[in-house]
Amino acid sequence: MRTSQFLISTLKETPADAEIISHQLMLRAGMISKLAAGIYTWMPVGLRVLRKVEKIVREEMDAAGAQEVLMPATQPAELWEESGRWGKFGPLLLRFTDRHQREFCFGPTHEEVITDMVRRNLRSYRQLPANFYQIQMKFRDETRPRFGVMRAREFLMKDAYSFHLDAESLAETYERMRQAYCAIFDRTGLTYRMVEADSGSIGGAASHEFHVLADSGEDAIAYSNGSDYAANVEKATTQLVTANPAAPAREMQRVSTPNQKSIGGVAKFLELPIEQVLKTLLVKGMDTPVVALVLRGDHELNEIKAEKLAAVVSPIEFASDAEIKRAVGCGAGSIGPVGLDIPVIADHAALAVADFACGANSDGEHLTGVNWSRDLPPAEAQDLRNVVVGDLSPDGQGQLEIVRGIEVGHIFQLGDTYSEAMGATCLDENGKDRVLTMGCYGIGVSRVVAAAIEQHHDDRGIIWPAALAPFDIALVPINLQRSKQVRETIEKLYADLTAAGYEVLLDDRKERPGVMFADMDLIGIPRRVVVGERGLAEGKVEFKQRGAESSEDIPLADLITRLAQ
RNA sequence: CGGGGCGUGGCGCAGUCUGGUAGCGCACUUGACUGGGGGUCAAGUGGUCACAGGUUCAAAUCCUGUCGUCCCGACCA
């Protein structure tokens with residue numbers, strides 16, 4: 001490809017409304033162009049990268065036995081009414097009406113469509129298990145699209161759905177998909193981690209997320225430095241403390257703590273380490289108006305864990321100031337577990353603390369030297385908190401570290417939610433009709449592109465991993481217009497490298513070298529070959545890796561061999 | 001959906017408070033010089049100042065409304 005015939009639409013300045021680096025660089029490198037909030041055109045440079053991701057995904061899905069299909073982006077409302085999601089999905093679903101006043105939506109996901117396809121076309125267990133995938137634009141009307149294509153409304157996704165007669169078959173395909181995902185992300189050249197995930201509202205047995213590690217990631221993931229354990233912090237647990245707390249050493253005392261409303265403030269005021277102070281949160285309960293949740297002062301409530309408790313309403317809802325006052329007779333800053341006549345649930349770590357301080361259920365007062373069993377009945381023990389760095393891995397091997405990740409893939413064992421609601425069945429070996437069980441497997445293809453940039457860039461621009469780069473080699477001639485020697489050499493190189501199977505971008509614009517270097521660096525082409533009269537006089541050209549500190553002059557004759565290394 | 005910011009050539013911005021000929025840098029076009037890290041000089045192209053009303057002799061500027069867009073939060077693959 002020649003730059004004279006290929007749109008290089010780079011920007012020197014950063015567009016004002018791009019916040020994160022990948023968004024800025026995608027705009028500056030001319031990869032994408034915004035049409036509306038969360039809706040982008042993929043321009044030539046960007047599309048080449050997107051296609052690279054797609055190709056890897058497609059090859060690995062095919063290799064794992066999945067069959068490619070292409071489902072409609074436009075979906076009729078009836079299908080969503082069958083699954084019960086037309087009402088439930090809410091404003092995230094972009095709905096519209098055709099000329100006959102029939103309602104449709106732009107597909108945000110395709111469970112309904114694939115389930116419909118399967119119930120119409122699969123009849124026998126002999127056709128199972130079956131796994132269908134597509135690479136398709138989805139539309140989700142996010143309340144706040146942001147970060148360019150990272151959280152766009154219209155985005156390219158690979159989604160796959162598998163169908164089985166039983167759970168064992170589903171588990172087999174799930175495992176095969178898990179391996180395929182590892183193969184896919186290995187091939188991208190990105191640093192990623194597979195983590196245990198909360199299966200969320202979709203429910204189902206197992207669920208894993210794939211995260212590209214980057215400081216700007218929206219998710220926190222915990223992993224063990226001594227084993228393979230890794231989980232989204234939403235779900236991560238630690239080895240639970242079951243040991244009894246130390247023996248009481250102090251008497252319980254009521255102390256005045258005027259105007260101390262935060263845990264940090266109370267700890268400081270009482271001159272106690274924050275781990276020695278327990279905090280009590282009131283949330284709405286299922287059977288009682290409120291439930292008390294007790295945590296160590298330095299720990300954070302994990303709302304997902306909490307709302308799974310039978311006693312707690314889901315989704316979780318914190319008690320209002322008025323409800324707190326009614327239930328315990330004080331403000332939020334002075335609640336404590338002592339003497340409460342509402343259900344009290346404590347995190348394991350909070351139950352292991354002796355001689356602790358806590359609110360006295362009276363404004364401006366706290367209790368110190370409090371001990372479970374002696375001063376109050378031991379609360380129900382539960383895992384309520386987010387893990388923190390240094391917690392023991394739940395498998396007992398090593399300690400937890402926490403890093404940020406960008407979720408690029410998610411695999412679920414879905415179960416029969418959709419097949420049951422929509423009547424997707426097959427005959428089994430005994431000729432009996434059985435409801436199918438499903439798995440679903442997603443990859444945010446366009447998000448992978450942004451995540452790659454978050455992980456691989458410098459102050460000059462993008463540094464593509466070889467597998468994702470829009471081109472393999474940038475050919476930069478110096479003085480192309482004036483030097484016949486340069487012109488002839490570069491044309492031959494272009495032909496030879498292309499014949500050798502490289503994707504080459506020859507910069508034949510009438511630009512100064514600095515402009516060409518800056519553009520090739522910004523676009524992030526992994527390797528650059530510069531041809532100028534100066535070097536040719538010695539039979540040499542300049543070779544530089546995008547991320548490398550400096551370039552090297554190598555004999556023209558050795559170039560192809562050198563590139564092959 | 002709650003809170004806040006911003007809409008002036010393709011991009012980044014000034015001008016708005018205090019109404020009076022629409023500006024700057026980059027980009028783009030042409031020419032000359034230049035030619036190994038976004039070069040210099042010269043001459044140009046391009047904007048009904050988001051939109052709709054209103055006030056006024058006169059509105060980018062003041063008033064009212066609408067829309068778009070970005071950020072924080074809630075929500076979400």
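Protein chains get the first letters and strands the later ones, always in sequence-line order, with residue 1 at the start of each.
When each of His23(A) and Ala518(A) is assigned the nucleotide of RNA chain B bearing its nearest heavy atom, the one mapping closer to the 5' terminus is Ala518(A). Nearest-nucleotide positions on RNA chain B place Glu13(A) closer to the 5' end than the other of Glu19(A) and Glu13(A).
Base-pair partner of G68(B): C6(B) (Watson-Crick or G-U wobble, both distances under 3.5 Å). Nucleotide A42(B) is matched to U30(B) when pairs are restricted to Watson-Crick or G-U wobble geometry with both distances under 3.5 angstrom. When Watson-Crick and G-U wobble pairs are counted only if both distances are under 3.5 Å, U56(B) pairs with no nucleotide at all. Here G47(B) sits opposite no nucleotide as a Watson-Crick or G-U wobble pair (both hydrogen-bonding atom distances under 3.5 Å). Applying the Watson-Crick and G-U wobble criteria (two distances, each under 3.5 Å), C1(B) pairs with G73(B). Summarising the base pairing, G25(B) is matched to C11(B) through a Watson-Crick or G-U wobble pair whose two defining distances lie under 3.5 Å. Pairing partner, U16(B): none, since no Watson-Crick or wobble contact has both distances short of 3.5 Å.
When heavy atoms are screened at a 4.0 angstrom cut-off, Met150(A) is found touching base atoms of the nucleic acid. Within the 4.0 angstrom heavy-atom criterion, no nucleotide atom of any strand lies near Val408(A). Asp519(A) comes within contact range of at least one nucleobase, with a heavy-atom separation under 4.0 Å. Among the atoms of the strands shown, none is found under 4.0 Å from any heavy atom of Arg153(A). Nucleic acid contact class of Ser9(A) (heavy atoms, under 4.0 Å, all strands): none.
For the pair Arg144(A) and C71(B), the criterion of a side-chain N or O lying under 4.0 Å from OP1 or OP2 is met. An OP1 or OP2 oxygen of C70(B) is reached within less than 4.0 angstrom by a side-chain nitrogen or oxygen of Lys34(A). Within the structure, a side-chain polar atom (N or O) of Lys12(A) is placed less than 4.0 Å from OP1 or OP2 of A27(B).
C11(B) atom C1' lies 14 Å from atom CG of Leu522(A), rounded to whole Å. Between the CD atom of Glu511(A) and the C1' atom of U34(B) there is a distance of 13 Å, given to the nearest Å. Between the CG atom of Asp507(A) and the P atom of G35(B) there is a distance of 19 Å, given to the nearest Å. The distance from atom CD of Gln134(A) to atom P of A77(B) is 18 Å, rounded to the nearest whole Å.
Using a distance-only test at 3.5 Å, with no hydrogens or angles considered, a donor-acceptor pair links the side chain of Tyr181(A) to the main chain of Tyr441(A).
If you check A77(B), G38(B), G35(B) against the side chain of Met157(A), the one that comes closest is A77(B). For Leu92(A), taking side-chain heavy atoms from C-beta onward, the closest of the listed nucleotides G35(B), U69(B), C76(B) is C76(B). Here G35(B) is the nucleotide among C1(B), G35(B), G38(B) with the atom lying nearest to any side-chain atom of Ile478(A). Nearest to the side chain of Arg482(A), among G37(B), G35(B), A74(B), sits G35(B). For Arg146(A), counting side-chain heavy atoms from C-beta on, the closest listed nucleotide (C71(B), C11(B), A77(B)) is C71(B). The listed nucleotides are G35(B), C13(B), A77(B); the one nearest the side chain of Ala16(A) is C13(B). When each of G35(B), G38(B), G12(B) is scored by its nearest atom to the side-chain atoms of Arg512(A), the top-ranked nucleotide is G35(B). The nucleotide whose nearest atom lies closest to any side-chain atom of Asp521(A) is, among U69(B), C11(B), G37(B), G37(B). Here the side chain of Arg151(A) is nearest to one of A77(B), G38(B), C76(B), namely C76(B).
Across the P atoms, C70(B) and G12(B) are found 12 Å apart, a figure rounded to whole Å. Nucleotides G7(B) and A50(B) are separated by 8 Å at their P atoms, to the nearest Å. Rounded to whole Å, the P atom of G20(B) lies 11 Å from the corresponding atom of C62(B). To the nearest whole angstrom, the two P atoms, one in A58(B) and one in C72(B), are 44 Å apart.
Around CD of Glu300(A), the count of heavy atoms belonging to other residues, nucleotides or ligands within 6.0 Å does not exceed 12.
In this structure, Arg140(A) fails the cation-pi test against Phe155(A), since its NZ or CZ atom is not both closer than 6.0 Å to the six-membered ring centre and inside 45 degrees of the ring normal. With a 6.0 Å cutoff to the six-membered ring centre and a 45° limit on the axis angle, Arg528(A) counts as a cation-pi contact of Phe517(A). Cation-pi geometry between Arg51(A) and Trp42(A) is not met: the NZ or CZ atom fails to fall both under 6.0 Å from the ring centre and inside 45° of the normal.
One side chain, Thr109(A) or Glu111(A), offers a donor N or O that lies under 3.5 Å from an acceptor on the other.
Residue Asn232(A) is tested with His208(A), Glu196(A), Glu209(A), Glu407(A) for a side-chain hydrogen bond (donor to acceptor under 3.5 Å, both in side chains); the sole match is Glu209(A).
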